[in-house]
Amino acid sequence: MNSFLPFLIVLFVAASAWTILEFTLGQGKRHWMGLLGAWSATVILAALWQSEALPWIVHLIQGVLLLWLGSILSLIVDVVLTWTTKEPGWRRILCCALLCLFIDIAALLNFFWIATVSPGGV
């Protein structure tokens, strides 16, 4: 079992729940940046989980890391915006956003751990 699979599963469930909450609450002002960050991080984790099937991802690792850090930044911005606007259902959306952010950061730390400690690198 790859070490990114648990992160991928939890992030997929949290991003799905967050998307469903955004659409069911029917807010006029949705925070698309946070949702895009959560789903892009999910795609990145899926690519890292299947890195053996995608051998070209090694050549694009700097771009992948830059996109991953951008998704974390968009999640941070969305958490701050959700916290300050306090629209209806903001606590549930904030919980989903924080869960996505924490899982994303934990997966990134796991990636850095594998890159520095394992003999073969990432």
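Positions are given from 1 along the sequence. Both backbone and side-chain heavy atoms feed into the values below; hydrogens, waters and symmetry mates do not.
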* Asked: To the nearest 0.5 Å, what is the distance between CZ (Arg92) and OG1 (Thr82)?
  -> 13.0 Å

* Asked: How is the hydrophobic cluster of Trp113 composed, in terms of its other members, when Ile, Leu, Val, Met, Phe, Trp and Tyr link through side-chain heavy atoms under 4.5 Å apart, directly or indirectly?
  -> Val117

* Looking at Ser16 and Trp39, what are the two nearest heavy atoms and their distance? -> OG-CH2, 3.4 Å

* Asked: Can you check whether Phe7 reaches Leu48 side chain to side chain, under 4.5 Å on heavy atoms?
  -> no

* Taking a hydrophobic cluster as the set of Ile, Leu, Val, Met, Phe, Trp and Tyr residues connected by side-chain heavy atoms closer than 4.5 Å, whether directly or through intermediates, do Phe4 and Val13 fall within one such cluster? -> no

* **Minimum heavy-atom distance between Ala97 and Asp78, given as atom pair plus value** => CB-OD2, 4.2 Å

* Mind listing the closest non-hydrogen atom pair of Ala46 and Leu8 along with its distance? => N-CD1, 3.7 Å

* Identify whether Ile103 and Ile105 are in the same connected component of the hydrophobic contact network (ILVMFWY, side-chain heavy atoms under 4.5 Å). => yes

* Asked: Hey, any chance Leu99 and Ile76 share a hydrophobic cluster, counting ILVMFWY side chains that come within less than 4.5 Å of each other, even indirectly?
  -> yes

* Got a sec, which residues hit side chain to side chain contact (heavy atoms under 4.5 Å, CB included) with Leu108, two or more places apart in sequence or on another chain? -> Leu65, Trp68, Leu69, Ile72, Phe112

* **Other residues, nucleotides, ligands: >12 heavy atoms within 6.0 Å of Phe12 CZ** => no

* Structure fact -> Heavy atoms of Ile93 and Trp18 approach each other most closely as CG2-NE1, 3.3 Å

* With a 4.5 Å limit on heavy-atom distance, are the side chains of Leu36 and Ser74 in contact? -> no

* **Distance in Å, Ser40 OG paired with Leu67 CG, rounded so as to fall on 0.5 Å steps** => 5.0 Å

* To do: Using the rule that two of Ile, Leu, Val, Met, Phe, Trp, Tyr join whenever any of their side-chain heavy atoms come within less than 4.5 Å, decide whether Trp32 and Leu11 are in one cluster.
  => yes

* Identify the two heavy atoms, one from Leu75 and one from Gly37, that lie closest to each other, and give their separation to 0.1 Å. => CG-C, 4.4 Å

* Going from CH2 on Trp49 to CG on Leu5, what distance comes out if it is rounded to the nearest 0.5 angstrom? -> 5.5 Å

* Asked: Are Leu73 and Leu101 linked, directly or through other ILVMFWY residues, by side chains that come within less than 4.5 angstrom of each other?
  -> no

